[in-house]
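Only a predicted model underlies this, so the values are computations on that prediction, with no experimental measurement involved. Numbers restart at 1 for each chain; the letters A, B, ... are given by sequence-line order, proteins then strands.
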Amino acid sequence: MKWTQFLIPTSKECPADAVVPSHQLMIRAGLVRQVAAGSYSYLPLGFRSLRKVEAIVREEMNRAGAIELNMPALHPIEWWEQTGRVEAMGDVLLSLAGTGDDWRSRTVLGPTHEEVVTEIARAYINSYKQLPVSLYQIQTKFRGEARPKSGVLRTREFLMKDAYSFHSELDGAGGLGETYQTMYDAYCAIFSRCNLPYVPVEAESGPIGGDASHEFMVPTDAGEDYLVQSEDGSYAANLERADVQPITEKSAESQAPVKEVHTPGLATIDEVSDFLKCKPRQMIKTIIYEVNGEPLVALVRGDHEVNESKLARTAGVSFVTPAESPLIKKLTGAEVGFAGPVGLNARVIVDQAVTLMQGAVTGTNKTDYHVTGVNPGRDFEIKETGDIRMAVEGDCAPNGSPLVFKKCIEVGHVFKLGTKYSDAMQATFLDNNGKAKSLIMGCYGIGLNRIMAAAIEAHHDESGICWPMTIAPFHVVICALDMRVEAVSTLAEKLHDELTEAGVDVLLDDRDARPGFKFKDAELIGFPIRITVGKRGLEEGIVEIQIRQTGDTVKTAPENAVATVQKMVQDAM
RNA sequence: CGGGGCGUGGCGCAGUCCGGUAGCGCACCUGCUUUGGGAGCAGGAAGUCGCAGGUUCAAAUCCUGUCGCCCCGACCA
């Protein structure tokens, strides 16, 4: 491919709206162009990379035994109603703007495909003899994201590989556990081949349902998730999921009696701790949730945050929602901000860290008053306790190794779904006793655009992108320094033709531009290998081969260049 | 959805406070020179100043409304 026959709109200037490096570089290198918030065109160069990512994903999915199919973006809303996900998805589920009762008003754009694939399974999988089976597609998803951001990292329309597996058993040969592991391994292979510094972590499964889940994270400041990792490397989890080792550090012994103090208008931890000259960690935060209309109270230390997922698990419920103020006022008899555990008549779950406190400060269920000198166990009963808080700096993993926190991008997610969707949609099969059972399911997603962006986040420098060979739009760029010099143009074109013949993706920069201009563009776009063909080199009888990542340059006779480059490309794939 | 910022040729911006001929840099076109690290000179094309109302002799500029984009937060299978 010749540069002058391609479309590569590079830019020296950085777009004002782009904040994260991958976004800035994707625009400057001419990979993408924004169409609207969360909606991007992939220009020829960017599309080549996306296709390479797609090819890797497809290869590894096929290797994992999954079968490719394609499902539509237009879904009947009835199927979503069957699984109860119209409410669960909320505004994320985009609907065609229909009027009245026409087909548009009953059609939604698929943000994921559990419903559609489960309907296929319901129709065609009737016997245990057909199981297990894994189906996947690489297809555009639509989601009404409230706030798209960071270029292609969070968009309303994106390319996703979604796979779904069906099983008769949870465990054993052909069971969900086996395929889950196969998929997990396939994901590791995919991200390794894309040269991403990924970390598999334990994750919350969220509204999609299911009981086990791992996310694949790429650490970068551009991310919007946090992972926590133990220093010894044995533990990694999404912050929302991370368990902590129970703390042992006790508060100083306190025999002080409970004492009421006037704290007019002071409802937050910060306000009260300032006013009473105590530290937030000496306070007990009383957070009131609602479960099926009943209050559920969580107690955590003032410097901790409740982890709602952990709370729900500890409470044995599927989810908790923060209580509205009327319920809080009814329960406590006070304004919001003055709730406390002493004398509170509700189900209370006490965080492990709170059980060690002595002489604590907390609300007293009376507007404008707090209490000091509260000893859990003495002044209120500890009926239920557990780990219900978010991990913080200083915490240790369950094995005692200190936790470190990293911002990251989620590039893949695997779930054990169980029978959530097959139950809801009556997707059953007959087992070997002729008995109807719900299909057991797993689902496995990868965001392809995010892989591209994450690769750029992980591999760039001041000059531009440093593409991994496997997903670079072209493996090699030939900078022909002056196409008007016949020896240069002849050799450059010869190398181009021979490399192409050898299966190397090569772009010939045949523009009538000065050398510096071509070098800057080559570095901005980040071709892994650059071959420089110039008058000066030819006088010495050499061409230069430069590695983008390291800047290392080797000089070689033109007749050896093709073999040398071909080997470099092969070695890096 | 709450808070903040911004909409002026393809891109980056000035001009808005204080109303009066739409401007600069990059990119683009033509010509000449130049060719190993984002060249120089000369000439040129390109903008309903987001949109809609209003005030005014006159609006990019003032007023009202509205739409869009970015950032922080909420939310996020």
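Nucleic acid contact for A:Arg28: base, since at least one base atom lies under 4.0 Å from a heavy atom of the residue. Residue contacts shown for A:Phe158 include a base, since a base heavy atom lies under 4.0 Å away.
Under the Watson-Crick or G-U wobble criterion, with both distances below 3.5 Å, B:rG36 has no partner in any strand shown. For B:rC17, there is no paired nucleotide, since no Watson-Crick or G-U wobble pair has both relevant distances below 3.5 Å. Pair assignment for B:rA46 gives none, since no Watson-Crick or G-U wobble pairing has each distance under 3.5 Å. The partner of B:rG7, taking Watson-Crick or G-U wobble pairs whose two distances both stay under 3.5 Å, is B:rC67. Taking a pair to require two hydrogen-bonding distances under 3.5 Å in either a Watson-Crick or a G-U wobble arrangement, B:rA58 remains unpaired. Shown here, B:rG31 forms a base pair with B:rC41; the pair counts as Watson-Crick or G-U wobble because both key distances fall under 3.5 Å. Base pairing analysis places B:rC24 opposite B:rG12; the two distances defining the Watson-Crick or G-U wobble pair are each below 3.5 Å.
One can place CZ of A:Arg514 at 5 Å from C1' of B:rU35, the figure rounded to the nearest angstrom. The distance between atom CG of A:Asp91 and atom C1' of B:rC1, rounded to the nearest whole Å, is 9 Å. The CG atom of A:Leu94 sits 15 Å away from the C1' atom of B:rC75 (whole-angstrom rounding). Whole-Å rounding puts the A:Asp509 CG to B:rG37 C1' distance at 13 Å. If you take CD1 of A:Ile27 and C1' of B:rA27, they are 16 Å apart, rounded to a whole angstrom. Distance, A:Lys518 NZ to B:rA39 P: 13 Å, rounded to whole Å.
Taking for each of A:Ser463 and A:Glu145 the nucleotide of RNA chain B with the nearest heavy atom, the 5'-most of the two is the partner of A:Ser463.
Using a 4.0 Å cut-off on heavy atoms, the residues of residues 478-490 of chain A that approach RNA chain B are A:Leu481, A:Asp482, A:Arg484, listed by number. Taking every heavy atom of residues 525-543 of chain A and every atom of RNA chain B, pairs under 4.0 Å involve A:Arg530, A:Thr532, A:Gly534, A:Arg536, A:Gly537, by number.
Looking at A:Arg389 and A:Asp303, no side-chain N of the basic residue comes within less than 4.0 Å of a carboxylate O on the acidic one, giving no salt bridge. Using a 4.0 Å cut-off between charged nitrogen and carboxylate oxygen, A:Lys407 and A:Glu224 do not count as a salt-bridge pair. Ion pairing between A:Glu523 and A:Arg530 holds under the 4.0 Å rule for side-chain N and carboxylate O. Salt-bridge check for A:Asp521 with A:Arg511: passed, with a basic side-chain N closer than 4.0 Å to an acidic carboxylate O. Ion pairing between A:Glu157 and A:Lys141 fails under the 4.0 Å rule for side-chain N and carboxylate O. A salt bridge does not link A:Glu54 to A:Lys161: none of the charged side-chain nitrogens sits closer than 4.0 Å to a carboxylate oxygen.
Within the 6.0 Å centre-distance limit, the rings of A:Phe191 and A:Phe216 are counted as a close aromatic pair. A:Tyr164 has its ring centre no less than 6.0 Å from the ring centre of A:Tyr421.
Closest contact between the side chain of A:Lys12 and the listed nucleotides B:rC26, B:rG36, B:rG37 involves B:rC26.
With sequence neighbours left out, the salt bridge (charged side-chain N to carboxylate O under 4.0 Å, His left out) criterion links A:Lys406 to no other residue. With sequence neighbours excluded, no residue forms a salt bridge (charged side-chain N to carboxylate O under 4.0 Å, His left out) with A:Lys535.
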Inset, instruction - Just do the side chain to side chain donor-acceptor pair (under 3.5 Å) check on A:His214 and A:Tyr180 with the steps written out, would you? - result: CA-CA 10 Å; A:His214 285 84; A:Tyr180 186 85; 2.7 Å; yes

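Under a 3.5 Å cut-off, the side chain of A:Asp510 and the backbone N or O of A:Thr4 do form a donor-acceptor pair.
We find the NE2-SG distance between A:His459 and A:Cys466 to be 9.0 Å, quoted to the nearest 0.5 Å.
At a cut-off of 3.5 angstrom, counting only N and O atoms as typed in the model, there is a donor on one side and an acceptor on the other between the side-chain of A:Glu544 and the base of B:rG36.
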Atom pairs, protein N/O to nucleotides 68-71 of chain B N/O, distance under 3.5 Å:
{"unit_1": "B:rC69", "atom_1": "OP1", "unit_2": "A:Ala37", "atom_2": "N", "d": "2.9"}
{"unit_1": "B:rC69", "atom_1": "O3'", "unit_2": "A:Gln34", "atom_2": "NE2", "d": "3.4"}
{"unit_1": "B:rC69", "atom_1": "O2'", "unit_2": "A:Asp17", "atom_2": "OD2", "d": "3.0"}
{"unit_1": "B:rC70", "atom_1": "OP1", "unit_2": "A:Gln34", "atom_2": "NE2", "d": "2.8"}
{"unit_1": "B:rC71", "atom_1": "OP1", "unit_2": "A:Ser150", "atom_2": "N", "d": "3.4"}

Pairs: protein N or O with nucleotides 23-25 of chain B N or O, under 3.5 Å:
{"unit_1": "B:rG25", "atom_1": "N2", "unit_2": "A:Glu13", "atom_2": "OE1", "d": "2.7"}

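Judged by the 6.0 Å distance and 45° axis criteria, A:Arg48 is positioned over the aromatic ring of A:Phe474.
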